[in-house]
Amino acid sequence: MQWAVATYDTAFGYVSAHGAPLLDLLDPQPDERVIDLGCGTGVSTADIAARGADVIGIDESLEMVNAARSEHPHLSFAVGDAHDFTISEPCDAVFSNSALHWMTRDPSAVISRVHAALRPGGRFVAEMGGAGNCAELIAAVQTAWRVFGLPEPELPWYFPTPAEYATRLEEGGFVVRLMEYFDRPTRLAECPDGAADWVRLYAPELIAEVPPELAGPLLDRVNELAAPALRRESGWMADYVRLRFAAVRKPGGDELVQPQAPPTPHTPPGPHPSQPPHAASAAQTPPAPHTHSAPQA
Ligand SMILES: C[S@@+](CC[C@H](N)C(=O)[O-])C[C@H]1O[C@@H](n2cnc3c(N)ncnc32)[C@H](O)[C@@H]1O
């Protein structure tokens, strides 16, 4: 997935704005070590740091990490895939906002890596798209593709039910303390062309697979199909459905973690001009007590 990093904070600002209560659920304490998994441009990472925690943001997108580093040069960020990251020292909490549903390859592997990253009793606090998320938007996309005689689009998200995700967490060695499942109709303030813009921003790979001359008419049809459910006088709404949970790593349970090769430091493709010494050492030096090392990609 190629993120439109330049427009992310304005076009997707609501992703982070809606994360605010999640931060309260995390309740990071001064000097706690916290990972922000799928940190994007680092907005939540900065909020966690502002509460005094020692936080590292991890994201698989180099573009996102570079944007996060330049916006928050005093914080640590590393490029890494949530499916196979490691850290040198167990941390107190893993936080994730609006990112787990993008980690589609193996959701249980992500949970397993989070488990391995946490100390026993450590917290996993996250919000993600839940079953039925964007159902009207997705139905409009699927219908439009069918109408144009295109193959069923492969959607890039994983939207589990609460029962399914709670089961994965329990099987992964967590006690689920809170699991909320709720509608969150969200104004698409930065999508003047409504559902079509939403597809352009969130699922550009679907458009990339379409003959260029079809893209415009196809997206017009998506708008026509989605409008009755999602267009209001005040503008377009997205039919978001969220899962928000807080889980705790059970004491023990190390046997759940698959043996891993010893961590090898991640070497970024090149030094970032605004990367502070702390982040550089986090990414490049061998593990030190109370220091995050970089995830393995
Ligand atoms: C919608 S953004 C959310 C960003 C941020 N948490 C926020 O609240 O603004 C999803 C993020 O998840 C990241 N992501 C997707 N798959 C990932 C993976 N397998 N490992 C790590 N990060 C991933 C994307 O690169 C993107 O930055």
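Counting starts at 1 for both ligands and their atoms, following the listed order.
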Going by the order shown, which atoms of ligand 1 are within less than 4.0 Å of some heavy atom of [X]?
| X | result |
| --- | --- |
| His83 | 19 (N) |
| Ser61 | 25 (O) |
| Met103 | 16 (N), 17 (C), 18 (C), 19 (N), 21 (C), 22 (N), 23 (C) |
| Ala82 | 18 (C), 19 (N), 20 (N), 21 (C) |

Are any of the N/O atoms on [X], whether in the backbone or the side chain, positioned under 3.5 angstrom from an N/O atom of ligand 1?
| X | value |
| --- | --- |
| Gly38 | yes |
| Asp81 | yes |
| Asn97 | yes |
| Glu60 | yes |

Donor + acceptor pair across side chains of Glu170, Tyr165 (<3.5 Å): no
Over 12 non-hydrogen atoms of neighbours within 6.0 angstrom of CZ in Arg119: yes
Passing option when Val125 is tested against Val34, Val248, Leu25, Leu23 for side chain to side chain contact (heavy atoms under 4.5 Å, CB included): Leu25
For Ala140, all residues meeting side chain to side chain contact (heavy atoms under 4.5 Å, CB included), sequence neighbours excluded: Val222, Leu225, Ala226
Parallel, tilted or perpendicular, as decided by the 30° and 60° cut-offs, for the rings of Phe77 and His72: tilted
Spacing of Ile111 atom CD1 and His115 atom NE2 [to the nearest 0.5 Å]: 10.5 Å
Ligand 1 contact by Val43, heavy-atom criterion under 4.0 angstrom: no
Options Gly80, Gly40, Ser98, ranked by nearest heavy atom to atom 10 (C) of ligand 1, top entry: Ser98
Among Leu37, Leu62, Asp59, Asp106, closest by any non-hydrogen atom to atom 25 (O) of ligand 1: Asp59
Cys39, portion touching ligand 1 at heavy-atom distance under 4.0 Å: backbone
Side chain, backbone, both or neither: Met64 near ligand 1, heavy atoms under 4.0 Å: side chain
Main-chain N/O of Arg184 paired with Thr186 side-chain donor or acceptor, under 3.5 Å: yes
Aromatic contact, Phe159 with His101 (centres under 6.0 Å): yes
Cluster link Leu26 to Leu178, ILVMFWY, side chain under 4.5 Å: yes
